[in-house]
Amino acid sequence: MGLRNSLLAGAVMACGLAQAAIPTPLSEKVNQLAVDQQPELEKVFRQLHANPELAFDLHDTSALVASG
């Protein structure tokens with residue numbers, strides 16, 4: 001399970017959905033979306049963590065999110 005799948009699994013769980021309760025076609029679609037987006041998510045993850053900003057002073061983070 002790569003970084004993208006881990007992030008996506010965390011997002012699904014944060015929404016209160018147990019992965020076992022997701023119908024198979026939906027689970028497969030979500031998994032494929034995660035696989036397709038992994039390179040971009042890893043790039044964003046690395047950029048955010050390489051350039052930390054203090055709370056309420058998030059100029060670079062805001063620009064990155066706005067550009068996506």
Side-chain angles (χ1 to χ4, degrees):
M1 184 179 231
L3 173 63
R4 181 184 53 211
N5 289 347
S6 296
L7 292 171
L8 189 54
V12 169
M13 291 179 77
C15 293
L17 301 173
Q19 189 162 354
I22 299 173
T24 302
L26 178 57
S27 178
E28 290 171 359
K29 184 175 182 178
V30 169
N31 197 23
Q32 186 58 50
L33 287 170
V35 169
D36 294 344
Q37 295 177 10
Q38 183 173 357
E40 183 63 25
L41 289 173
E42 285 184 22
K43 178 182 162 190
V44 169
F45 175 86
R46 291 181 191 284
Q47 184 173 351
L48 291 174
H49 288 270
N51 303 294
E53 296 178 286
L54 298 175
F56 305 112
D57 190 22
L58 306 171
H59 302 287
D60 293 338
T61 300
S62 298
L64 179 65
V65 170
S67 70

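What you see below is based on every heavy atom in this structure, not just the backbone, and it leaves out hydrogens, waters and symmetry mates.
Under the side chain to side chain donor-acceptor pair (under 3.5 Å) criterion, His49 pairs with no residue at all, not counting sequence neighbours. By the side chain to side chain donor-acceptor pair (under 3.5 Å) test, Ser62 is found to be paired with no residue, residues two or more places apart in sequence or in another chain being considered. Every residue meeting the side chain to side chain donor-acceptor pair (under 3.5 Å) condition with Asp57, not counting sequence neighbours, appears here in chain and number order: His59.
No side-chain donor from either of Gln47 and Asn51 sits under 3.5 Å from a side-chain acceptor of the other.
Contact detail for Glu53 and Thr61: the closest heavy-atom pair is OE1-OG1, 2.6 Å.
In this structure, CD on Gln37 lies 10.5 Å from CD on Gln32, to the nearest 0.5 angstrom. In this structure, Asn31 CG and Asp36 CG are separated by 9.5 Å, a value rounded to the nearest 0.5 Å.
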